[in-house]
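Only this structure's heavy atoms are used, side chains among them; waters, hydrogens and symmetry mates stay out. From a predicted model like this one, the values you see are computed outputs, not experimental measurements.
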Amino acid sequence: MHIVWDWNGTLFDDRDAILDATNEVFRSYGLPPMELDHYRSVYSRPIWASYERILGRALEEGEWERLDAAFHDTYHRLMERCGLATGAQAAIDLLAGEGHTQSVLSMWRHDRLGVAVRELGIHLSFRRVDGLRAEEAGGEKAEFMVRHLAALDVDAADVVMVGDSVDDAIAARHVGARAILYTGGLQTRADLDRLGVPVIDRLSDVTVHI
C-alpha cells in the first residue's frame with residue numbers, strides 16, 4: 001500500500017500559526033480576532049472561499065492575491081514555532097516497518113515544503129514530496145493528486161490519502177483512492193464525518209484503517 005500524506009494540519013502541526021496569521025491579515029479590515037471554533041465554521045478549500053465568508057462579501061479583483069501574499073508572509077514567520085504533529089513520526093515509522101511506501105502532497109509552496117521536510121529529518125521516509133510550484137495557483141487538490149500519483153507510477157487502488165480536510169477526501173475519491181481524515185486540522189469533525197471515510201483523532205490510528 002502507498003500512503004499519501006497531507007502536510008499542513010496533518011503531519012505538520014501548524015493550526016495555531018494559521019489561525020494567528022489569518023487574524024493578523026484581517027486586522028486591517030477592522031475585524032476582531034477569530035477563535036478556533038469560529039474559524040473552523042468558515043474554513044473550506046479553496047481558501048479564497050473562506051476569506052469571502054470572513055468578509056461577508058465576494059473578493060474584489062486582485063484582493064485574493066494581496067491577502068494570500070500577506071498571509072504567507074506572516075505564516076512563514078509564525079511557523080518557526082511549529083513542529084511535527086503528535087504521533088506523526090511514530091506513524092510514519094510504523095507504516096514503513098509494515099512495508100508501506102509513503103509520499104507527501106501539499107497545497108503549500110513547494111520550495112518551503114521541501115525545506116521543512118528536510119529540517120524535520122523525515123525526508124528519507126518519502127518517495128516523493130510535492131507542493132505548489134511557483135507558477136501554480138492554489139485550489140482544489142484533486143488534479144494535483146492525479147499528477148502526484150502519475151509521477152509515482154502507483155495504482156490509485158493501492159493508495160490511501162491521509163489528510164485533515166474534506167478536500168483531501170475529495171482528491172482521493174477523484175482518483176479512485178481511499179482516504180483517512182485526521183481531526184488535527186482546521187475543519188470540524190462533523191464536516192469530516194460527512195464524507196463517509198474513516199476519521200481519526202490520533203495519527204497512530206492510521207494503521208488501523210490501512
Side-chain angles (χ1 to χ4, degrees), residues 5-60 63-64 66-88 91 104-109 112-113 116 132 138-142 161-173 179-206 208-209:
W5 291 97
D6 173 57
W7 183 250
N8 303 92
T10 305
L11 288 178
F12 192 57
D13 184 11
D14 60 350
R15 183 170 62 188
D16 290 343
I18 290 174
L19 177 62
D20 290 347
T22 303
N23 279 328
E24 187 165 325
V25 166
F26 284 100
R27 186 177 297 121
S28 63
Y29 288 82
L31 298 178
M34 292 178 286
E35 299 292 336
L36 178 59
D37 285 347
H38 180 200
Y39 187 46
R40 279 181 151 176
S41 72
V42 299
Y43 178 84
S44 68
R45 296 202 64 92
I47 297 298
W48 60 260
S50 301
Y51 286 6
E52 290 188 334
R53 292 188 188 96
I54 292 170
L55 291 171
R57 61 168 174 79
L59 295 177
E60 299 172 356
E63 192 171 16
W64 158 245
R66 293 193 300 273
L67 287 169
D68 188 51
F71 167 84
H72 281 96
D73 285 346
T74 305
Y75 171 78
H76 290 146
R77 170 170 49 85
L78 297 179
M79 63 163 278
E80 298 300 327
R81 68 193 188 195
C82 304
L84 287 177
T86 301
V104 174
L105 175 61
S106 173
M107 302 303 287
W108 190 30
R109 296 177 181 177
R112 294 274 187 171
L113 175 65
L132 285 180
E140 296 178 351
K141 203 168 196 172
M161 174 82 212
V162 183
D164 68 310
S165 75
V166 167
D167 192 44
D168 292 308
I170 292 172
R173 184 177 298 166
I180 299 170
L181 296 180
Y182 170 55
T183 59
L186 290 166
Q187 292 202 270
T188 65
R189 187 183 186 97
D191 285 336
L192 302 181
D193 280 335
R194 293 191 186 103
L195 274 293
V197 303
V199 178
I200 58 175
D201 297 313
R202 301 179 302 175
L203 289 178
S204 58
D205 289 337
V206 164
V208 175
H209 300 283

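Remark: Asp205 engages Arg202 in a salt bridge (charged side-chain N to carboxylate O under 4.0 Å, His left out) (not counting sequence neighbours). Here Ala49 pairs with Ser44, Arg53 under the side-chain contact (heavy atoms from CB on, under 4.5 Å) rule; sequence neighbours left out. The side-chain hydrogen bond (donor to acceptor under 3.5 Å, both in side chains) test applied to Trp108 returns His76, not counting sequence neighbours. Among residues two or more places apart in sequence or in another chain, the salt bridge (charged side-chain N to carboxylate O under 4.0 Å, His left out) test is passed with Glu52 by none.
Distance alone, capped at 3.5 Å, places no donor-acceptor pair between the Lys141 side chain and the Asp6 backbone. A donor-acceptor pair under 3.5 Å links the side-chain atoms of His72 to the main chain of Asp68, judged by distance alone. The main-chain N or O of Ser165 is found under 3.5 Å from a side-chain atom of Asp168 such that the two form a donor-acceptor pair.
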Derivation and outcome, side-chain contact (heavy atoms from CB on, under 4.5 Å), residues Cys82 and Asp13: CA-CA 6 Å; Cys82 304; Asp13 184 11; 5.8 Å; no

Val199 and Thr183: side-chain contact (heavy atoms from CB on, under 4.5 Å), yes or no, with the steps? CA-CA 7 Å; Val199 178; Thr183 59; 3.6 Å; yes

Does the side-chain contact (heavy atoms from CB on, under 4.5 Å) test come out yes or no for Trp64 and Ile47, once each step is laid out? CA-CA 9 Å; Trp64 158 245; Ile47 297 298; 4.0 Å; yes

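For Ala172 against Ala179, the heavy-atom pair with the smallest separation is CB-CB, 3.8 Å. Contact between Gln187 and Val166 at its shortest, heavy atoms only, is OE1-N, 2.6 Å. Closest approach of Glu60 to Glu63, counting heavy atoms only: N-OE1, 2.8 Å. Of all non-hydrogen atoms in Leu192 and Tyr182, the two that sit nearest each other are CD1-O, 3.7 Å. Minimum heavy-atom separation, Ala85 to Thr10: CB-O, 3.2 Å. Of all heavy-atom pairs spanning Ile18 and Tyr39, the tightest one is CG2-CE2, 4.1 Å.
Using a cutoff of 4.0 Å between basic side-chain nitrogens and carboxylate oxygens, Arg15 and Asp164 are not scored as salt-bridged. A salt bridge is defined here as a Lys NZ or Arg NE, NH1 or NH2 lying under 4.0 Å from an Asp or Glu carboxylate O, and Glu35 with Arg40 fails to meet this definition.
Applying the salt bridge (charged side-chain N to carboxylate O under 4.0 Å, His left out) test to every pair with at least one member in residues 74-86, sequence neighbours left out, gives these pairs: Asp20-Arg81, Glu24-Arg77. Residue pairs meeting the salt bridge (charged side-chain N to carboxylate O under 4.0 Å, His left out) criterion with at least one partner in residues 187-201, sequence neighbours excluded, are Arg189-Asp193, Arg189-Asp201, Asp191-Arg194.
Atom CH2 in Trp7 sits 14.0 Å away from atom CZ in Arg112 (nearest 0.5 Å). Note that the CG atom of Leu78 and the CG atom of Asp16 stand 10.0 Å from one another [nearest 0.5 Å]. The CG atom of Asn23 lies 9.0 Å from the CG atom of Leu31; values are rounded to the nearest 0.5 Å. Note that CG of Leu195 and CZ of Arg173 are 5.5 Å apart. Values are rounded to the nearest 0.5 Å. For the atom pair CG (Asn8) and CE (Met107), the distance works out to 10.5 Å, reported to the nearest 0.5 Å.
With contacts defined as side-chain heavy-atom distances shorter than 4.5 Å, the pair Val104/Phe12 does not qualify. Counting heavy atoms from C-beta outward, Ile180 and Ile200 have side chains that approach closer than 4.5 Å. Looking only at side-chain heavy atoms (C-beta outward), Trp48 and Leu59 come within less than 4.5 Å of each other. Side chains of Tyr43 and Thr188 form no contact here, defined as non-hydrogen atoms less than 4.5 Å apart. Val197 is not listed as a side-chain neighbour of His209, based on a closest heavy-atom distance of 4.5 Å or more. Considering only heavy atoms from C-beta on, Tyr29 comes within 4.5 Å of Leu67 through its side chain.
In summary, the aromatic rings of Tyr51 and Phe26 are positioned with their centroids under 6.0 Å apart.
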